[in-house]
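Here's the structure we're looking at; comments come further down.
Nothing fancy with the numbering, it's 1 onward along the sequence. Bear in mind that the values here come from a model prediction, so they are computed numbers and not experimental data. Excluded from the calculations below are hydrogen atoms, water molecules and symmetry mates; all remaining heavy atoms, backbone and side chain alike, are included.
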Amino acid sequence: VICVPLISRSHVRGAIYADTLDYPHGFRKEDLYLLAGLSSPAAIAIENALLYANLEKMVESRTRTLQETERRLRHSEARFRAIFENMQSGVIVCSTDKSGETTSVLDMNRAAEVIEGKRRESVIGKPLFETLPVYEKLGMPDMVQKVQSTGKSQHLPPKLLEDRGVSTWR
């Protein structure tokens, strides 16, 4: 009988045990040396296999979590989109640069299409104040810069735009 430890990173990870009844004198010292020489690479291989199996389990778990998060996000986005599209208030979503300058229209709901008399497709990706110049007359550039710099919501009360050269309520 011979038995050698499986040692990896100074820890015993197991053992190799061998016995024989076939040889009349059992194992020789050379057999023990050979087995001892193989035990360290075997211990590392076993440890790597266990680490790989644990890593696979972690990846599978995180993949499931990611898939569930993506499913919830899609559901949340669908709910938001339904609310956005069916609300009676007109909403136009714009991007801004770091200075707070309004750069382009990102989205527009149905109510905004009706209010503005423009199709969403005709304004998305275009500069807000070029496609809908009335907003510049309302003082929106200053309001957007204030929102950008303070991080706080702002409100413009309804105005008769005749004072600014437009004959409609906003």
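When atom types are taken as modelled, the side chain of Ser76 and the backbone of Arg72 share no donor-acceptor pair closer than 3.5 angstrom. A donor-acceptor pair is defined here as one N or O able to donate and one able to accept, closer than 3.5 Å; such a pair exists between the side chain of Ser39 and the backbone of Ala36. The main-chain N or O of Gly139 is never found under 3.5 Å from a side-chain atom of Asp142 such that the two would form a donor-acceptor pair.
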(message) Between Val93 and Val105, is the side-chain contact (heavy atoms from CB on, under 4.5 Å) condition met? List the steps.
(response) CA-CA 6 Å; Val93 180; Val105 176; over 6 Å; no
(message) Test side-chain contact (heavy atoms from CB on, under 4.5 Å) on Phe27 and Leu35; report intermediate values, then the result.
(response) CA-CA 11 Å; Phe27 292 106; Leu35 205 52; over 6 Å; no
(message) Please evaluate residues Ile92 and Tyr135 with respect to the criterion side-chain contact (heavy atoms from CB on, under 4.5 Å), reporting the C-alpha separation (whole Å), side-chain torsions for both, the decisive distance (0.1 Å), and the verdict.
(response) CA-CA 11 Å; Ile92 299 173; Tyr135 288 108; 3.8 Å; yes
(request) Go through the steps to decide whether Met140 and Met143 satisfy the test side-chain contact (heavy atoms from CB on, under 4.5 Å), and finish with yes or no. (result) CA-CA 5 Å; Met140 287 273 297; Met143 187 175 75; 3.4 Å; yes
(message) Quick one, Glu68 with Arg71, criterion salt bridge (charged side-chain N to carboxylate O under 4.0 Å, His left out). Give me CA distance, side-chain angles, the key distance, then yes/no.
(response) CA-CA 5 Å; Glu68 177 61 20; Arg71 185 192 67 75; 2.6 Å; yes
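Note that SG of Cys3 and CD1 of Ile16 are 8.5 Å apart. Values are rounded to the nearest 0.5 Å. Separation of atoms CG (Leu55) and CZ (Arg62) is listed at 9.0 Å; rounding is to 0.5 Å. Note that OG1 of Thr63 and CD of Glu56 are 11.0 Å apart. Values are rounded to the nearest 0.5 Å. In this structure, OG1 on Thr65 lies 11.0 Å from CD on Glu70, to the nearest 0.5 angstrom.
In terms of hydrophobic clustering, with Ile, Leu, Val, Met, Phe, Trp and Tyr side chains grouped at heavy-atom distances under 4.5 Å, Met108 and Phe80 are assigned to different clusters. Val4 is not connected to Tyr33 by any chain of hydrophobic side-chain contacts under 4.5 Å among Ile, Leu, Val, Met, Phe, Trp and Tyr, and they are in different clusters.
For Ile46, the side-chain contact (heavy atoms from CB on, under 4.5 Å) test picks out Leu6, Leu50, with sequence neighbours left out.
Using a 4.0 Å cut-off between charged nitrogen and carboxylate oxygen, Glu116 and Lys118 do not count as a salt-bridge pair. Taking a cutoff of 4.0 Å between a charged side-chain nitrogen and a carboxylate oxygen, Glu85 and Arg81 qualify as a salt bridge.
Sorted by first and then second residue, the salt bridge (Lys or Arg N to Asp or Glu O under 4.0 Å) pairs involving residues 39-54 (not counting sequence neighbours) are Arg9-Glu47, Arg13-Glu47. Counting only residues at least two apart or on different chains, no salt bridge (Lys or Arg N to Asp or Glu O under 4.0 Å) pair has a member in residues 32-44.
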Identify every side-chain donor-acceptor pair in residues 123-134 under 3.5 Å, counting partners at least two apart or on other chains, and give the distances.
| residue | atom | partner | partner atom | Å |
| --- | --- | --- | --- | --- |
| Lys126 | NZ | Ser122 | O | 3.1 |
| Thr131 | OG1 | Pro127 | O | 3.0 |
| Thr131 | OG1 | Leu128 | O | 3.2 |

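For the residue pair Arg120 / Asn109, no side-chain donor-acceptor distance below 3.5 Å is found, with atom types taken as modelled.
Through chains of ILVMFWY side-chain contacts below 4.5 Å, Leu34 is grouped with Leu38. Residues near Leu51 contribute nothing to a hydrophobic cluster around it, because no ILVMFWY side-chain heavy atom sits closer than 4.5 Å to its side chain.
The environment of CD in Gln88 is sparse: at most 12 heavy-atom neighbours from other residues, nucleotides or ligands sit within 6.0 Å.
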